[in-house]
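Numbers here simply count residues along the sequence, with the first being 1.
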Amino acid sequence: MKRAFDISVAVGVAIPSFPICLLCMAAIYFETRSTPLFKQLRVGRLNKPFHIYKLRTMYPDTLDAASHQISATQVTKVGRLLRKYKVDEVPQLINVINGTMSLVGPRPCLPMQQELIKEREIRGVSKLQPGITGPAQIVGLDMSKPVQLAIVDAKYLQPWSLWKDVAYLWKTFSGAGRGDAVGV
């Protein structure tokens, strides 16, 4: 049932958001002169690596690191807007449709975030499909606190409920959480 929900919502949102993404991609290209679609290796269900898709919000020469380890000066002007309104996450609908992500679940981390991977493994969180949004995202917890993040993510291990996912999505769209923080 969760997979059917994910697919129907992802397709339903992807179709009307496509023109918006095209406009954003044009703005990104004109500011950065690089590929507007960003692809990065992340850790998925059962610690299996996969590529996540996002709209580029940082300059192309930015180090491959967690957002909280990146200087805020690396975020582009267009990127600040995209991050503020969470539009940079829209291409992850591709990940939902291809089955590497869910709409709701723990946010996928980078392979180099070994402490978070270990903490999630200890708590059973690695069994979950990563999501575009999830428990930690809603409360504004980013990946700079791996133990706390794994504890909050573990709350999603409770039996799945369609209404719980709808509530997480509603909270995300209505502005709960602040997204991934960037360094100073």
Visitor: Treat each ILVMFWY residue as a node, draw an edge where side-chain heavy atoms are under 4.5 Å apart, and state whether Leu169 and Val96 are in one component.
Guide: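 Yes: a chain of side-chain contacts under 4.5 Å links Leu169 to Val96.
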Visitor: If we only count heavy atoms from C-beta on, is the Asp61 to Gln74 side-chain gap below 4.5 Å?
Guide: yes
Visitor: Any chain of hydrophobic side-chain contacts (each under 4.5 Å) joining Tyr29 to Val87?
Guide: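 Result: no, two separate clusters.
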Visitor: How long is the gap from CG on Leu55 to CD on Gln92, to the nearest 0.5 Å?
Guide: 9.5 Å
Visitor: To the nearest 0.5 angstrom, please state how far the CH2 atom of Trp160 sits from the CE atom of Met1.
Guide: 5.0 Å
Visitor: Would the distance check show the side chain of Arg107 and the main-chain N or O of Pro130 forming a donor-acceptor pair, the cut-off being under 3.5 Å?
Guide: no
Visitor: Under 3.5 Å, side chain of Thr57 to main-chain N/O of Val75, donor-acceptor pair present?
Guide: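 Side chain of Thr57 to backbone of Val75, a donor-acceptor pair under 3.5 Å: no, none is there.
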Visitor: Shortest non-hydrogen contact from Glu115 to Val147?
Guide: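 Closest approach of Glu115 to Val147, heavy atoms only: OE2-CG2, 4.0 Å.
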Visitor: State the NZ-CD distance between Lys48 and Gln129, to the nearest 0.5 angstrom.
Guide: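 CD of Gln129 is found 9.5 Å from NZ of Lys48.
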Visitor: Salt bridge between Glu31 and Arg56, side-chain N to carboxylate O under 4.0 Å?
Guide: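 Here Glu31 does not pair with Arg56 in a salt bridge, since their nearest N and O are not under 4.0 Å apart.
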Visitor: Give me the atom names and distance for the closest heavy-atom approach of Leu93 to Ser17.
Guide: CD1-OG, 4.4 Å
Visitor: Going from CD1 on Ile132 to CD1 on Ile52, what distance comes out if it is rounded to the nearest 0.5 angstrom?
Guide: 8.0 Å
Visitor: Check for me, please, whether Ile7 and Val13 land in the same ILVMFWY cluster - side-chain distances under 4.5 Å, paths through other members count.
Guide: no
Visitor: Specify the closest pair of heavy atoms between Pro111 and Arg42, including all atoms of both residues, with the distance to one decimal.
Guide: CD-CA, 4.3 Å
Visitor: Are any of the side-chain heavy atoms of Gln40 and Leu110 separated by less than 4.5 Å?
Guide: yes
Visitor: Verify whether one side chain among Lys2 and Ser102 offers a donor that lies under 3.5 Å from an acceptor in the other.
Guide: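 Their side chains do contain a donor-acceptor pair, which is all the 3.5 Å distance test asks for.
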Visitor: Going from CD1 on Ile28 to CE on Met58, what distance comes out if it is rounded to the nearest 0.5 angstrom?
Guide: 12.5 Å
Visitor: Identify the two heavy atoms, one from Arg120 and one from Met143, that lie closest to each other, and give their separation to 0.1 Å.
Guide: NH2-CE, 4.4 Å
Visitor: Any chance you could lay out the side chain to side chain contact (heavy atoms under 4.5 Å, CB included) test for Glu119 and Val125, step after step, and finish with the verdict?
Guide: CA-CA 8 Å; Glu119 292 296 332; Val125 175; over 6 Å; no
Visitor: Rounded at 0.5 Å granularity, tell me how far CD in Glu121 sits from NZ in Lys127.
Guide: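 That separation rounds to 9.0 Å.
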Visitor: Going hydrophobic residue to hydrophobic residue with side-chain gaps under 4.5 angstrom, can you get from Phe173 over to Met101?
Guide: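 Linked within one cluster.
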Visitor: Locate the shortest heavy-atom distance separating Gly105 from Pro135; write the atom from each residue and the value.
Guide: O-CD, 4.3 Å
Visitor: Who clusters with Ile117? Use side-chain heavy atoms, under 4.5 angstrom, across I, L, V, M, F, W and Y, and order the result by chain and number.
Guide: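 Ile117 clusters with Val43.
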Visitor: If we ignore hydrogens and angles and just use 3.5 Å, is the side chain of Asp88 paired with the main-chain N or O of Gly79 as donor and acceptor?
Guide: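 Checked: no pair found.
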Visitor: Is there a continuous path of hydrophobic side-chain contacts, each under 4.5 Å between heavy atoms, that joins Leu82 to Met25?
Guide: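 Leu82 clusters together with Met25.
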Visitor: Any side-chain heavy atom of Thr172 within less than 4.5 Å of one from Ile138?
Guide: yes
Visitor: Which heavy atom of Phe5 sits nearest to which heavy atom of Leu103, and what is that distance?
Guide: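 What the structure gives for the nearest pair is CE2-CD1, 4.1 Å.
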